[in-house]
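Because the structure is a prediction, the values reported are computed rather than measured. Only heavy atoms go into these numbers, but all of them, side chains included; no hydrogens, no water, no symmetry mates.
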Amino acid sequence: MFIFEAKRFIIVIIGAIFNAISLNLFLEQANVFASGFTGVAQISASIATDFFDIDLSTGVLLFLLNIPVAILGWIKVGRGFTIYSILSVIFMTIFLETIPIQSLSDNIILNAVFGGIFGGFGVGITLKWGASTGGMDIVAMVLSRMKDRPIGIYFLTLNGAIIVLAGMVYDPEKALYTLVTLYVTTRVIDAVHTRHEKLTAMIITAKGQEVTKAIHANMVRGITRIPARGAFTDEDREMLMIVVTRYELYDLENIVKEADPNSFTNIVQTTGIFGFFRREDEKV
């Protein structure tokens with residue numbers, strides 16, 4: 001488990017570096033804005049500098065905006081996820097302050113596209129390893145669990161506000177370039193990370209009871225146990241079927257590996273579910 005957590009910690013740092021590069025080397029000088037709370041901090045800093053002659057740091061603003069969100073995540077989402085999300089924000093703030101702001105190209109389209117690529121990769125690998133970049137990730141997750149609606153709805157709402165604000169404060173062309181960055185970021189995140197909100201895990205194991213207990217000790221999800229037999233070994237097995245959200249996938253992987261290192265797990269897309277699927281506001 002220590003090795004997994006060490007890898008997770010390193011991935012969070014790498015993701016923070018890529019997000020900082022996205023801002024400081026591509027988006028900042030071009031006045032193209034990122035998604036989520038990063039975009040909110042970025043546009044707030046730009047408005048303060050351009051209209052009020054107040055020099056505010058995007059990194060510091062991002063850190064301050066994430067303080068109340070971190071408290072919300074600690075209460076509603078989970079300590080492990082929130083701790084790594086806080087670490088991601090802290091490291092991103094550090095890298096935003098240490099990596100010099102400079103322009104690698106005067107072409108605004110190149111800045112918008114490559115800013116989206118670097119930012120999307122940073123967010124994607126962070127999500128893939130069971131953490132987030134804080135901010136809107138946590139807010140969207142909490143709202144999604146409360147209302148059982150897709151997380152994308154809440155991302156779209158905030159990001160739409162960023163695009164509108166960019167167009168109103170600067171010019172409509174900036175809003176269009178911001179839209180390009182958001183599109184590229186989303187596509188890269190989908191390519192790196194599991195894009196579907198709910199997933200079905202089919203776990204083949206010889207230790208069905210132990211794996212079931214381990215999952216129930218850490219997650220509140222129903223499990224269907226189905227008798228199975230290995231075609232090659234002709235030995236008895238069990239198939240445990242469980243539906244999880246994409247944010248729970250990393251934790252499920254580690255739980256199963258620890259309970260039965262010889263198990264086999266197949267993850268498939270779940271396009272829809274009917275019946276009971278526990279939400280955060282429901283009691284067990």
For this session: Would you please test Asn66 and Thr93 for side-chain contact (heavy atoms from CB on, under 4.5 Å) and show each step?
Result: CA-CA 11 Å; Asn66 273 280; Thr93 301; over 6 Å; no

For this session: Give the intermediate values and the outcome of side-chain contact (heavy atoms from CB on, under 4.5 Å) for residues Asp260 and Glu210.
Result: CA-CA 8 Å; Asp260 182 9; Glu210 292 88 339; over 6 Å; no

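In this structure a side-chain-to-backbone donor-acceptor pair under 3.5 Å is missing from Glu28 to Gln42. Remark: side-chain polar atoms of Thr181 are paired, donor with acceptor, to backbone N or O of Ala112 under 3.5 angstrom. A donor-acceptor distance shorter than 3.5 angstrom exists from the side chain of Asn111 to the backbone of Ser105, with no hydrogens or angles considered. Distance alone, capped at 3.5 Å, is enough to place a donor-acceptor pair between the Thr49 side chain and the Ile54 backbone.
When side chains are defined from C-beta on, Leu240 counts as touching Thr205, because their heavy atoms get closer than 4.5 Å. No side-chain heavy atom of Asp236 sits under 4.5 Å from any side-chain heavy atom of Pro227. With contacts defined as side-chain heavy-atom distances shorter than 4.5 Å, the pair Leu110/Phe26 does not qualify. At a threshold of 4.5 Å between non-hydrogen side-chain atoms, the residues Arg221 and Val243 do not count as touching. A heavy-atom distance below 4.5 Å is found between the side chains of Ile215 and Ile203. Using a 4.5 Å heavy-atom threshold, the side chains of Leu96 and Leu23 count as touching.
Placement of Ile125 and Ile117 within a single hydrophobic cluster is found when ILVMFWY residues are connected by side-chain heavy-atom separations under 4.5 Å, directly or transitively.
Below 30°, between 30° and 60°, or above 60°: for Phe114 and Phe118 the angle between ring planes is between 30° and 60°, a tilted geometry.
Atom CZ of Phe63 is surrounded by 12 or fewer heavy atoms from other residues, nucleotides or ligands within 6.0 Å.
Under the rule for a side-chain contact (heavy atoms from CB on, under 4.5 Å), the partners of Ile71 that lie at least two apart in sequence or sit in another chain are Ile75.
In terms of heavy atoms, Gly116 sits closest to Val188 at O-CG2, 4.4 Å. The two residues Arg237 and Ala206 come nearest to each other via the heavy atoms CD-N, 3.8 Å. Nearest heavy atom pair, residue Gly115 against residue Leu27, reads CA-CD2, 3.8 Å.
The salt bridge (charged side-chain N to carboxylate O under 4.0 Å, His left out) with Glu238 is formed by just one residue from the set Arg225, Lys207, Arg229; it is Arg225.
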